[in-house]
Amino acid sequence: MSVSDTEKDEIEKSSAPLMEHLIELRRRLIWSLGGFFVAFLVCFFFAKKLFNLLVVPFKWATQWAGLDPHKVELIYTAPQEFFFTQVKLAMFGGMVIAFPLIATQIYKFIAPGLYKNERNAFLPFLIASPILFLMGASLVYFFFTPMVMWFFLAMQQAGTDDQVQISLLPKVSEYLSLIMTLIFSFGLVFQLPVVTSLMTRVGMLSSKGLAEKRKWAIVIAFVVAAVLTPPDPMSQIGLAIPTILLYEVSIWAARLIERDQEKQRVAREKQDAAEEVAEKKPADASST
């Protein structure tokens, strides 16, 4: 297979000595770590306000349960617990805020080693990934966290002559772990169309193969939901259903990619045929 002059130029530009690659990698790592550290400091400074913001879904759940949202109470049982909870929250928030910068640095590091068409194909997924993650996080914040907390609040027991009073007093660390687990789980699942689309572009998956494995995908979706979410049926079903819907979106996206690749293949074949005809004409003319 012959290599065009444009592809040769791209290969020469993408080749660089090992030392230059290491220097470039160090620069990208410094930018990524610096961005994360700045975002971490900002999030740690506003850690209490961020935590109060994360408690809002808990207040919505208390309203759904018919309780007073102004009496929502969380506790910590160790002197250092709330401090380390704020550190954990700052790290999580810093990673979320710095992710666009980190992803950009990763792209800039690997972009020189890609062809122009590969760079153009990779860039939309780089943009779509954080958007899909935010969509999953928003679904957790506005719907599933209140649903889960409402489910747990419904287990409370009022004190009577025959019953002891049982009240929900979540620890700050456990509540943060719960909501972070849900955000991470949904954000990870919402990357399914991105991952399958990339694998379809490189030929590792096909829309036909995805459609044939739909039954297995449904089973795996419920298994993954059972592993990633708290042990309550509402959050497990709440994660499994969007996963199945996103799988269907992935099949649709794979079909679009295959259709576009087929159009490009036909266009290349027509161009190659036209070039062969153009090359034969001067040869025929010289022979006569």
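Along the sequence shown, residues are numbered consecutively beginning with 1.
- Put simply, CZ on Arg255 and CH2 on Trp252 are 11.0 Å apart, with the number rounded to the nearest 0.5 Å.
- Proximity of Met180 to Lys88: side-chain heavy atoms (C-beta onward) are separated by under 4.5 Å at one or more points.
- Counting heavy atoms from C-beta on, the side chains of Val224 and Thr243 never come closer than 4.5 Å.
- Using a 30° and 60° split on the angle between ring planes, Phe186 and Phe144 fall in the tilted class, from 30° to 60°.
- Taken from CG in Leu205 to CD1 in Ile251, the straight-line distance is 10.5 Å, to the nearest 0.5 Å.
- Counted by atom type alone, Glu258 and Ser207 present one or more donor-acceptor pairs between their side chains at under 3.5 Å.
- For the side-chain contact (heavy atoms from CB on, under 4.5 Å) test with Lys171, the passing option among Leu74, Leu176, Thr77, Thr85 is Thr77; the others fail.
- The two residues Leu67 and Gln156 have their closest heavy-atom pair at CD1-NE2, 3.6 Å.
- With values rounded to the nearest 0.5 angstrom, Ile106 atom CD1 is found 10.5 Å from Leu25 atom CG.
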Next item on the list: Quick one: do Phe222 and Ile244 satisfy side-chain contact (heavy atoms from CB on, under 4.5 Å)? Show the steps, please.
Entry: CA-CA 9 Å; Phe222 279 96; Ile244 296 170; 3.9 Å; yes
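- Counting non-hydrogen atoms of other residues, nucleotides and ligands closer than 6.0 Å to CZ of Phe92 gives a total above 12.
- Hydrophobic clustering, with ILVMFWY side chains joined whenever heavy atoms are under 4.5 angstrom apart, groups Ile220 together with Val195.
- Phe99 CZ to Thr104 OG1: the interatomic distance, rounded to the nearest 0.5 Å, is 9.0 Å.
- Contact between Cys43 and Gly94 at its shortest, heavy atoms only, is SG-N, 3.7 Å.
- Nearest heavy atoms, Phe44 versus Phe83: CZ-CE1, 3.7 Å.
- Annotation for Leu54 and Leu89: closest pair CD1-CD1, 3.6 Å, computed over non-hydrogen atoms.
- Without hydrogens or angle criteria, Asp260 side chain to Leu256 main chain gives no donor-acceptor distance under 3.5 Å.
- No continuous path of ILVMFWY side-chain contacts below 4.5 Å connects Leu192 to Leu188, so the two sit in separate hydrophobic clusters.
- A heavy-atom distance below 4.5 Å is not found between the side chains of Leu101 and Ser32.
- Between the side chains of Ser250 and Glu248, no donor-acceptor pair is found at a separation under 3.5 Å.
- Taking every heavy atom of both residues into account, Arg201 and Ile257 meet most closely at CG-CG2, 3.7 Å.
- Taking the side chain as every heavy atom from C-beta outward, Leu29 and Gln105 never approach each other to under 4.5 Å.
- Taking the side chain as every heavy atom from C-beta outward, Phe190 and Leu139 approach each other to under 4.5 Å.
- Lys263 NZ to Arg259 CZ: the interatomic distance, rounded to the nearest 0.5 Å, is 7.0 Å.
- Classified by interplanar angle (parallel below 30°, tilted 30° to 60°, perpendicular above 60°), the ring pair Tyr76/Phe82 is parallel.
- Side-chain contact between Phe184 and Ile179 is absent, with no heavy atoms from C-beta onward closer than 4.5 Å.
- Thr196 places a side-chain N or O within donor-acceptor distance of the main-chain N or O of Pro193, the cut-off being under 3.5 Å.
- By the neighbour-count criterion of 12 heavy atoms within 6.0 Å, atom CE of Met204 is sparsely surrounded, having that number or fewer from other residues, nucleotides or ligands.
- With a 4.5 Å cut-off on side-chain heavy atoms, Ser206 and Leu210 do not count as touching.
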Next item on the list: Check the pair Gln86, Leu50 against side-chain contact (heavy atoms from CB on, under 4.5 Å), reporting the backbone distance first and the verdict last.
Entry: CA-CA 9 Å; Gln86 293 180 69; Leu50 290 174; over 6 Å; no
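- Side-chain contact between Ile75 and Val172: absent, with no pair of heavy atoms (C-beta onward) separated by less than 4.5 Å.
- Hydrophobic clustering (ILVMFWY, side-chain heavy atoms < 4.5 Å, transitive): Tyr175 and Trp150 are in one cluster.
- The hydrophobic cluster containing Val148 also contains Phe51, counting ILVMFWY residues as joined when their side-chain heavy atoms lie under 4.5 angstrom apart, directly or transitively.
- Of all heavy-atom pairs spanning Leu239 and Ala225, the tightest one is CD2-CA, 3.7 Å.
- At distances below 3.5 Å, at least one donor-acceptor pair connects side-chain atoms of Gln157 with backbone N or O atoms of Val164.
- Remark: Leu168 CG to Glu73 CD distance equals 10.5 Å, nearest 0.5 Å.
- Glu81 and Ser173 are linked by a side-chain donor-acceptor pair at a separation below 3.5 angstrom, with hydrogens and angles left out of the test.
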Notebook entry, point to check: What's the verdict on side-chain contact (heavy atoms from CB on, under 4.5 Å) for Met147 and Trp60, showing C-alpha distance, side-chain angles and the deciding distance?
Noted result: CA-CA 9 Å; Met147 285 283 290; Trp60 294 339; over 6 Å; no
Next item on the list: Kindly determine whether Leu182 and Thr145 satisfy side-chain contact (heavy atoms from CB on, under 4.5 Å), including the steps that lead there.
Entry: CA-CA 8 Å; Leu182 288 173; Thr145 299; 3.9 Å; yes
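- Both Phe143 and Leu132 sit in one connected hydrophobic cluster of ILVMFWY residues. Membership requires side-chain heavy atoms under 4.5 Å apart, directly or through other members.
- Atom CZ of Arg27 has more than 12 heavy atoms from other residues, nucleotides or ligands within 6.0 Å.
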